[in-house]
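A short worksheet on the structure shown next.
Note: hydrogens, waters and symmetry copies are ignored here, and every other heavy atom, side chains too, is used. Being a predicted model, the structure only gives us computed values, none of them experimental. By convention in this document, chain letters (A, B, ...) are assigned in the order of the sequence lines, proteins followed by strands, and residues within each chain are numbered from 1.
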2 protein chains.
Amino acid sequence: MSSYSEPYRPARVLLVDDHTLVRDGMRMHLALQPSLTVVGEADDGEAALAWLARRQPDALPDLLITDIGMRGMGGIALADALHQRHPEIAVLMLSMHDNLEYVRQAMRAGARGYVLKDAPADELLAAIDAVLAGRVFYSARIARRMIEEGPASHPLDALTPRERDILNGIGRGLANKEIAASLGVSVRTVETHRLNLKRKLGIEGRAGLVKYAVEQLGGDAAGG
Amino acid sequence: MSSYSEPYRPARVLLVDDHTLVRDGMRMHLALQPSLTVVGEADDGEAALAWLARRQPDALPDLLITDIGMRGMGGIALADALHQRHPEIAVLMLSMHDNLEYVRQAMRAGARGYVLKDAPADELLAAIDAVLAGRVFYSARIARRMIEEGPASHPLDALTPRERDILNGIGRGLANKEIAASLGVSVRTVETHRLNLKRKLGIEGRAGLVKYAVEQLGGDAAGG
DNA sequence: GCGATCCTGCGTAGTACTACGCAACGGGAC
DNA sequence: GTCCCGTTGCGTAGTACTACGCAGGATCGC
């Protein structure tokens with residue numbers, strides 16, 4: 001990995017996961033690496049940000065390893081917030097989903113790596129090495145699927161921001177009227193977006209769109 | 001089967017989870033307990049059953065700790081299969097969901113304990129002690145919710161078989177007309193069931209019912 | 001047998017969503 | 001500037017779903 005001219009210092013790591021057992025497993029693996037020190041843990045995004053705010057600026061971690069799906073503030077929002085405040089801190093995303101849309105969201109939010117929780121144990125260490133060296137790392141299964149599906153074939157990528165807003169509302173079980181109110185637009189506008197969504201996503205029937213939206217959201221926000 | 005006049009022997013444990021990190025975390029905790037020995041691991045239900053089939057009958061584990069949600073054969077099916085073949089082996093279910101319906105299914109399948117993955121670490125050990133002693137253990141949050149909601153108050157339990165059929169169709173994104181066709185009844189009948197479903201489940205709005213149905217069906221693969 | 005429950009189906013009214021087409025406005029790209 | 005695109009919104013028609021109430025037939029337990 002990287003060669004320091006300064007005296008050798010282990011890379012500082014902050015672990016963020018709401019599952020105690022996962023944190024334990026990571027801590028155990030990382031403790032075996034002399035080049036790494038776990039300096040803190042948190043069980044959700046807000047706790048992680050609070051931890052970082054309390055931390056001395058010269059003792060911030062070099063790497064944040066976070067779960068993607070947590071109660072409260074999830075890994076994507078955390079990566080986003082961290083990337084704006086401390087872009088120098090590497091972010092490695094942990095996930096149980098091989099859903100490529102999550103991967104893209106994570107990378108857009110500033111994550112440099114994406115590792116699946118059921119991946120072989122040494123993949124985690126390889127990923128840490130890579131992101132600390134400034135490289136990008138994907139779990140083998142993710143990389144394979146990216147090659148298979150193509151880097152931008154997912155229909156969600158074709159959606160405009162506003163269409164995502166509407167899809168989000170649909171996935172939360174809201175009626176058009178409620179979505180319109182929450183976005184401050186007319187019901188007709190929501191209907192237009194909805195029609196466009198169905199065309200873009202190739203969905204027929206009204207229930208189908210709700211199903212699709214719930215499945216897209218259901219994984220990280222409502223799941224647990 | 002085993003009489004405890006024989007010399008002291010640590011309890012044998014089989015770990016089943018598709019997440020390497022979770023297995024690592026568990027193994028680490030259990031290694032600190034002299035009264036326990038991890039004798040095997042598997043990453044899904046079928047692998048666990050295959051492992052058990054290869055095992056000498058006099059060296060079977062005393063306890064199986066399994067994740068509830070795994071690719072392929074999940075924890076509930078595994079508990080069910082194991083409970084029929086080896087009812088003497090205690091089963092402790094691990095889950096990220098505090099959904100009481102999962103808890104009930106697990107217990108019906110023969111599990112003796114249900115621990116959440118984000119529970120404090122000592123809860124796992126307490127749960128192991130309990131189920132090895134023949135007692136039943138629930139994570140604190142599960143126990144609290146059971147008290148709050150009542151032991152059998154889950155609305156899904158109140159549904160009739162036909163209502164489940166309709167809910168299933170809704171969750172697959174079908175329209176009333178399609179559900180009616182697939183069940184061989186009239187649209188009006190489906191509408192009646194649908195109205196009853198919303199009353200029983202306390203749901204308002206049409207999208208809300210679809211959302212609920214999708215979450216009930218798709219919940220096995222979801223999670224953080 | 002009798003009551004309870006479930007499944008089935010209809011009538012009626014009102015509300016929500018679909019499926020077009022059309023168009024004005026603003027922001028970027030070229 | 002001009003063009004493209006995203007966002008916003010309306011008109012019109014048709015379809016789907018909601019929300020009651022009512023009721024016959026089947027099944028099961030007592």
Side-chain angles (χ1 to χ4, degrees), chain A residues 101 104-105 108 152-218, chain B residues 101 150 152-218:
Chain A
E101 180 56 19
R104 294 194 192 96
Q105 283 181 25
R108 250 179 256 132
S153 70
H154 196 92
L156 275 183
D157 289 341
L159 300 186
T160 68
R162 206 51 162 174
E163 285 165 350
R164 281 174 221 269
D165 291 340
I166 272 70
L167 194 65
N168 183 56
I170 295 171
R172 282 156 53 209
L174 303 180
N176 282 354
K177 194 192 287 186
E178 297 170 307
I179 298 172
S182 77
L183 297 178
V185 299
S186 85
V187 175
R188 314 306 302 278
T189 302
V190 177
E191 287 173 352
T192 299
H193 286 310
R194 202 165 179 150
L195 183 59
N196 291 333
L197 277 171
K198 286 170 66 168
R199 279 206 265 246
K200 282 188 178 178
L201 299 172
I203 294 172
E204 289 185 4
R206 72 189 71 183
L209 189 55
V210 180
K211 173 180 185 302
Y212 184 92
V214 172
E215 286 172 347
Q216 288 305 320
L217 300 179
Chain B
E101 182 57 18
S153 72
H154 193 89
L156 274 184
D157 291 341
L159 300 186
T160 68
R162 206 52 164 173
E163 284 165 348
R164 280 175 223 268
D165 291 340
I166 271 72
L167 194 65
N168 183 55
I170 296 171
R172 282 158 50 210
L174 302 179
N176 282 353
K177 193 192 288 186
E178 296 170 309
I179 299 171
S182 77
L183 297 177
V185 299
S186 84
V187 175
R188 314 306 302 276
T189 302
V190 177
E191 287 173 352
T192 300
H193 286 309
R194 203 165 179 149
L195 182 59
N196 290 334
L197 277 171
K198 287 170 64 169
R199 279 206 266 246
K200 281 188 179 178
L201 300 173
I203 293 172
E204 289 185 3
R206 74 187 69 185
L209 188 55
V210 180
K211 174 180 185 301
Y212 184 92
V214 172
E215 287 172 349
Q216 288 304 321
L217 297 181

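Taking atom CD1 of A:I179 as the reference point, atom C1' of D:dT7 lies 16 Å away to the nearest angstrom. Atom CD in B:E163 sits about 11 Å away from atom C1' in C:dT5, given to the nearest Å. Summarising the geometry, the separation between CG on B:L159 and C1' on C:dT5 is reported as 14 Å, rounded to the nearest angstrom.
For A:R172, the salt bridge (Lys or Arg N to Asp or Glu O under 4.0 Å) criterion is met by no residue, not counting sequence neighbours. With sequence neighbours left out, the salt bridge (Lys or Arg N to Asp or Glu O under 4.0 Å) criterion links B:R206 to no other residue. For A:D165, the side-chain hydrogen bond (donor to acceptor under 3.5 Å, both in side chains) criterion is met by A:R162, not counting sequence neighbours.
Among the heavy atoms of the strands lying under 4.0 Å from B:T189 is at least one base atom, whether or not backbone atoms are also near.
Residues A:I170 and A:V214 are not in side-chain contact: their nearest non-hydrogen atoms beyond the backbone lie 4.5 Å or more apart. Inter-residue side-chain proximity for A:L209 and B:V210 is flagged as unmet; no heavy-atom pair is nearer than 4.5 Å.
One distance of note links CG of B:L197 with CD of B:E163; it measures 5.0 Å at 0.5 Å rounding. Between the OG1 atom of B:T160 and the NE2 atom of B:H193 there is a distance of 6.5 Å, given to the nearest 0.5 Å.
With distances taken from any side-chain atom of A:R162 to the nucleotides D:dT8, D:dG6, C:dC10, the minimum falls on D:dT8.
The heavy-atom pair separating A:L167 from A:A213 by the smallest distance is O-CB, 3.5 Å.
Of the side-chain N and O atoms in A:H193, one or more sit less than 4.0 angstrom from OP1 or OP2 of D:dT8. Checking the phosphate oxygens (OP1, OP2) of D:dC5, no side-chain nitrogen or oxygen of A:T160 falls inside 4.0 Å.
Comparing the axis of the opening five pairs of the helix from C:dG1-D:dC30 to C:dC30-D:dG1 with that of the closing five pairs yields an angle of 50°, rounded to 10°.
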Treat primed atoms plus P, OP1 and OP2 as sugar-phosphate and everything else as base, then score nucleotides 25-30 of chain C 5' to 3': B for base contact with protein heavy atoms under 4.0 Å, S for sugar-phosphate contact only, - for none.
-> ------

Reading nucleotides 14-23 of chain D 5' to 3', which nucleotides get B (base under 4.0 Å from a protein heavy atom), which S (sugar-phosphate only), which -?
-> -BSSBSB---

Which donor-acceptor pairs under 3.5 Å do side chains of residues 174-190 of chain A form with protein atoms, sequence neighbours excluded?
residue, atom, partner, partner atom, Å
A:N176, OD1, A:R194, NH1, 2.3
A:E178, OE1, A:A175, N, 2.7
A:S182, OG, A:I179, O, 2.9
A:S186, OG, A:R188, N, 3.2
A:S186, OG, A:T189, N, 3.3
A:S186, OG, A:T189, OG1, 3.3
A:R188, NE, A:E191, OE1, 3.2

